[in-house]
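Right, one structure below, let's go through it.
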Amino acid sequence: MLDIKAVRRDPEGVAAALATRGFTFDVAHFKALDARRKQADVDSQNLLAERKSASKQIGQLVNQGVSVDDAKARVHATLESIAAQIDVLTEQARQVQGELQDLLLAVPNLPAPDVPSGAGENENAEVLRWGQPARFDFAVRDHVALGESLGLLDADTGSKIAGSRFTVMYGELARLQRALIQFMLDLHTREHGYREIYVPYIVNRESLRGTGQLPKFEEDLFRLHGEQGYYLIPTAEVPVTNVARERLFEADELGAQGIRYVCHTPCFRSEAGSYGRDTRGMIRQHQFEKVELVQLVRPAQSEAALEQLTGHAEKVLQLLDLPYRKVVLCTGDLGFGARKTYDLEVWLPGQDSYREISSCSSFGDYQARRMQARWRNPDTGKPELLHTLNGSGLAVGRTLVAILENGQRADGTVALPPVLSAYLGGVSTLDG
RNA sequence: GGUGAGGUGGCCGAGUGGUCGAAGGCGCACGCCUGGAAAGUGUGUAUACGGCAACGUAUCGAGGGUUCAAAUCCCUCCCUCACCGCCA
């Protein structure tokens, strides 16, 4: 959520910044609503103040021995006419406040100043390329062909059990997925200073509102039946970031570099609106595994933290020897709550292109304001909003795809990255 | 699922209808004391919104209700703890 004070101060500037990401902010509507809110506040508060002082006087009289009825009579008969008005006006004020709140909850974050402007993904800016895409002297196969011919991947059974966009994996491929998760968790906890955390895979509406999935993106989520308002998590970002919701951290709890959590979870996405996209294979599934990095930091640190966090995700690709490129998203391609985002795109020979495998974003205080995640700044002694960041480190399903396609050999077997050897009991090849 | 006890400020904890945003303590900040520290001691110390300010309003798990007036009484819900039942 944007800071309403900042919006008031410069609504036109906010609108201009939002326009760069393709969001239309109706300044006139905001101003009118805010003016109504203020008037409603003042009106209801005046009446409340009147009632309060009258009640106080009655209390004083009663304490002096005056009977309650006499005290009421003495203070004011008008109290009764006020009562009805108070109900009307406070309800009015509440309603306008709610409207303003709803408006603000639906406004995306402002892009960071250094984010390139652009309309969509075609205008994202490549920052770097790492590694050389291998040249194959045989007909390249995609991960589906490889996995199925090895008897390790089974889309038909997945769709029989659940439906389209579900997959079954067997044997060494299933094990490879487990190994990757283990490898990533170990790397981030041992080398990058993250604390492992285990969280619920089902969350409530408040958590989803905190990180920004609600109210706008309900259709992307799987909702559970029942009155609780439960949803399956679309990413570990939701439960892990919400650890900080409605919390006030002391400076020493944050440590020198803020709080860093690494978390493996399955992720569940409805993929509504992506009909026909990536229907083949494991690129776009309703259920996939991901290792997520989340940081809660002091505002002054968040810019550097995004660079570091992205580097932590890159390290995984480098150790797995997977060629990738790093892209900074332009204003038009930024996610709802993001202020700045790096996408890491891994080379997929089967698609002859780079495909997103990690998205690393900093949110500034946008999520923290929604969540009321704060820390006490020792310099001011006051609670201030934290900054939040997260990134995939990495999306495990897509890592599996990349390993299959980049490691393939002419005979249809797959060479596995040596760093995983210890996690695979010495297995270095997928051969079914 | 049943029964019982609870949910109050950064934390602990008083407060069962009136001048209570809330005693006291801890923590924290600034002073005094000290050669320096500890101990002791004094003062201050919630958040949000509105206002240049004085100040006003709201907030005692959430939502409704009673009342001139609710942290306090009533109803519903959520959560925590204890015991019982069931169970991976």
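The sequence lines fix the lettering, A, B, ..., with proteins before strands; numbering per chain opens at 1.
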Show the distances under 3.5 angstrom between N or O atoms of the protein and N or O atoms of nucleotides 61-64 of chain B.
residue	atom	partner	partner atom	Å
B:rG64	OP1	A:R94	NH1	2.8
B:rG64	OP1	A:R94	NH2	3.4

With a cut-off of under 6.0 Å to the ring centre and 45° to the axis, is A:R339 in cation-pi contact with A:F363?
no

Got a sec? Which of residues 26-44 of chain A come in under 4.0 Å of RNA chain B, heavy atoms?
A:R37, A:K38, A:D41

Between B:rA5 and B:rC75, how far is it from one P atom to the other, in whole Å?
13 Å

On a whole-Å scale, what distance lies between the P atoms belonging to B:rG17 and B:rG13?
23 Å

Give a yes/no answer on whether the side chain of A:K5 brings an N or O atom under 4.0 Å of OP1 or OP2 in B:rA48.
no

A:E292 side chain to A:Y261 side chain, donor-acceptor N/O pair below 3.5 angstrom
no

Without hydrogens or angle criteria, can the side chains of A:T167 and A:Q285 be said to hold a donor-acceptor pair below 3.5 Å?
yes

Going by distance alone, is a donor N or O of one side chain under 3.5 Å from an acceptor N or O of the other, for A:T380 and A:E384?
yes

Contacts under 3.5 Å, N or O only, protein and nucleotides 57-60 of chain B:
residue	atom	partner	partner atom	Å
B:rA58	OP2	A:K52	NZ	3.3

Under the ring pair (Phe, Tyr, Trp, His ring centres under 6.0 Å) rule, collect the residues that match up with A:F25, sequence neighbours excluded.
A:F30

If you find the nucleotide of RNA chain B closest to A:V62 and the one closest to A:D3, which residue's nucleotide is nearer the 5' end?
A:V62

Would you mind listing every side-chain hydrogen bond (donor to acceptor under 3.5 Å, both in side chains) that reaches into residues 145-155 of chain A, with sequence neighbours excluded?
A:D154-A:T157, A:D154-A:Y170

Watson-Crick or G-U stems of RNA chain B, 3 or more pairs, under 3.5 Å, by first number:
B:1-7 with B:78-84, B:10-12 with B:24-26, B:27-32 with B:40-45, B:46-50 with B:55-59, B:61-65 with B:73-77

When the P atoms of B:rG15 and B:rA53 are considered, how many whole Å apart are they?
39 Å

A:R195 atom CZ, over 12 foreign heavy atoms within 6.0 Å
no

Please measure how far the P atom in B:rC60 lies from the corresponding atom in B:rG9, and state the result in whole Å.
10 Å

Work out how far the C1' atom of B:rU34 is from that of B:rU45, and round it to whole angstrom.
26 Å

